[in-house]
Amino acid sequence: MNLSILRKGLITAAVALLSLNVSAETVRFITNQGSFEMQLKPEAAPKTVANFLRYVEDGSYKGTLFHRTIPGFMAQGGGYSINYEQVATYKPVENESKNGLSNTRGSVAMARTNDPHSATRQFFINVIDNGYLDGSPNKFGYTVFAEISAGMDVVDKIVNKPTKSGPIPGMRNVPMEKVIIEDVVLVDQAQP
């Protein structure tokens, strides 16, 4: 047997195994409107994905709402309890919007204030292409860190629910029927 060929084969196999370990994880959102899955993009947004996974792993997305939905734009959630109280956050994450990912239909990005480095736990799902939200060499945008890989029909259902203003002064586009995130789990840990 040629040792050179064997060595090349072992190196190729090792590289393949290593690449499996850094591949994107899939997360399942279970809501009172149905379930959807998102595939995380740690290679493009490592700090943002690590931040998002802290909230998944500590279970604090469970019992939060999609509190803002705008047809033809996006569905935003993860920051308010079912009683519309803001939930605790970790420190803000550094903006990674210049990562080459775009706010296209089905992409998931971090919500933030006017401060580009203010994203904590709230995220939004784009239901149309919103390229104007992307980062560029000259400006920070909204960091895309995942994409919907299954259940986009559920997201469309959520975003098309009738909305109202309130209950907190200044809140708009709030679904009249609460859209509750019942659980968020890594797919390999989820029940079928």
Side-chain angles (χ1 to χ4, degrees), residues 20 22-46 48-82 84 87 93 96-97 99-112 119-134 141-164 173-192:
L20 285 175
V22 296
S23 66
E25 294 185 62
T26 301
V27 176
R28 179 177 298 143
F29 276 73
I30 302 159
T31 78
N32 64 336
Q33 302 298 313
S35 297
F36 61 87
E37 294 180 358
M38 65 172 66
Q39 187 171 10
L40 304 178
K41 305 290 185 180
E43 67 286 348
T48 305
V49 168
N51 174 69
F52 177 78
L53 284 173
R54 285 196 305 179
Y55 295 106
V56 171
E57 290 166 0
D58 74 11
S60 66
Y61 279 128
K62 188 176 189 173
T64 61
L65 298 170
F66 275 94
H67 67 278
R68 183 173 174 233
T69 59
I70 303 173
F73 182 34
M74 61 87 215
Q76 181 175 339
Y80 288 89
S81 73
I82 59 172
Y84 298 100
V87 288
V93 65
E96 296 177 298
S97 64
N99 62 13
L101 298 179
S102 184
N103 284 276
T104 56
R105 175 172 164 76
S107 64
V108 186
M110 293 304 294
R112 63 173 176 81
T120 55
R121 63 179 296 133
Q122 290 188 40
F123 59 91
F124 62 93
I125 303 169
N126 290 288
V127 297
I128 64 166
D129 292 350
N130 292 310
Y132 67 94
L133 298 176
D134 294 348
Y142 292 80
T143 303
V144 173
F145 68 96
E147 68 179 335
I148 300 302
S149 55
M152 192 63 191
D153 58 323
V154 174
V155 176
D156 289 333
K157 177 180 171 185
I158 290 169
V159 84
N160 286 303
K161 292 274 182 196
T163 61
K164 62 181 179 179
N173 308 110
V174 178
M176 293 174 75
E177 175 190 355
K178 290 180 181 177
V179 179
I180 301 168
I181 299 170
E182 297 173 344
D183 206 357
V184 183
V185 294
L186 293 175
V187 168
D188 60 347
Q189 298 174 351
Q191 298 298 319

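Atom CD1 in Ile180 sits 8.5 Å away from atom CD in Glu177 (nearest 0.5 Å). Taken to the nearest 0.5 Å, the CD1 atom of Ile158 stands 11.0 Å off from the CG atom of Leu65. If you take CZ on Arg28 and OG on Ser149, they are separated by 9.5 Å, rounding to the nearest 0.5 Å. Rounding to the nearest 0.5 angstrom, the gap separating the OG atom in Ser107 from the CD1 atom in Ile125 is 9.5 Å. Here Phe123 contributes atom CZ and Thr48 contributes atom OG1; the two are 14.0 Å apart, rounded to the nearest 0.5 Å. With values rounded to the nearest 0.5 angstrom, Gln33 atom CD is found 13.0 Å from Asp156 atom CG.
Under the 4.5 Å side-chain criterion, counting only non-hydrogen atoms from C-beta, Val93 is not in contact with Thr120. Side-chain atoms of Asn126 and Leu133, non-hydrogen and from C-beta on, do get closer than 4.5 Å to each other. Here the side chains of Val108 and Glu147 are not in contact, with every heavy-atom distance at 4.5 Å or above. Side-chain atoms of Gln122 and Arg68, non-hydrogen and from C-beta on, never get closer than 4.5 Å to each other. Within the 4.5 Å cutoff, the side chain of Thr69 has no heavy atoms near those of the Val179 side chain. Leu101 places a side-chain heavy atom less than 4.5 Å from the side chain of Lys41. Between Thr31 and Phe36 there is a side-chain heavy-atom pair separated by less than 4.5 Å. Counting heavy atoms from C-beta on, the side chains of Phe29 and Asp183 never come closer than 4.5 Å.
The nearest pair of heavy atoms linking Ala111 to Gln76 is CB-NE2, 3.7 Å. The shortest heavy-atom contact between Leu40 and Ala146 is CD2-CB, 3.8 Å. Of all heavy-atom pairs between Pro71 and Val159, the closest is CG-O, 3.3 Å. Smallest separation of non-hydrogen atoms from Met110 and Phe124: O-CE2, 3.4 Å. Nearest approach of Gly78 to Thr64, heavy atoms of both residues: CA-OG1, 3.7 Å.
Between the side chains of Thr143 and Glu96, not a single donor N or O lies within less than 3.5 Å of an accepting N or O. Of the N and O atoms on the side chains of Thr104 and Asp129, not one donor lies less than 3.5 Å from an acceptor on the other residue.
Between Tyr61 and Phe52, the ring-plane angle classifies as tilted under the 30° and 60° cut-offs.
Among Gln39, Glu25, Glu37, Met38, the one residue that satisfies the side-chain contact (heavy atoms from CB on, under 4.5 Å) test with Val187 is Glu37.
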Inset, instruction - Determine, step by step, whether Asp134 and Ser102 satisfy the side-chain hydrogen bond (donor to acceptor under 3.5 Å, both in side chains) criterion, reporting the C-alpha distance in whole Å, the side-chain angles of both residues, the deciding distance to 0.1 Å, and the verdict. - result: CA-CA 6 Å; Asp134 294 348; Ser102 184; 2.6 Å; yes
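Between the Asn51 side chain and the Arg121 main chain, no donor and acceptor come within less than 3.5 Å of each other. Although no hydrogens or angles enter the test, the distance criterion places no donor-acceptor pair under 3.5 Å between the side chain of Asn103 and the main chain of Val144. Between the side chain of Asn160 and the backbone N or O of Lys157 there is no donor-acceptor pair closer than 3.5 Å. A donor-acceptor pair under 3.5 Å is absent between the side-chain atoms of Thr163 and the main chain of Pro175, judged by distance alone.
The 12-atom threshold is not exceeded at NZ of Lys62, counting heavy atoms of other residues, nucleotides or ligands nearer than 6.0 Å.
Note that Arg112 lies in the cation-pi zone of Tyr142, set by a 6.0 Å cut-off to the ring centre and a 45° limit from the axis.
In this structure, Tyr80 has its ring center no closer than 6.0 Å to that of Phe66.
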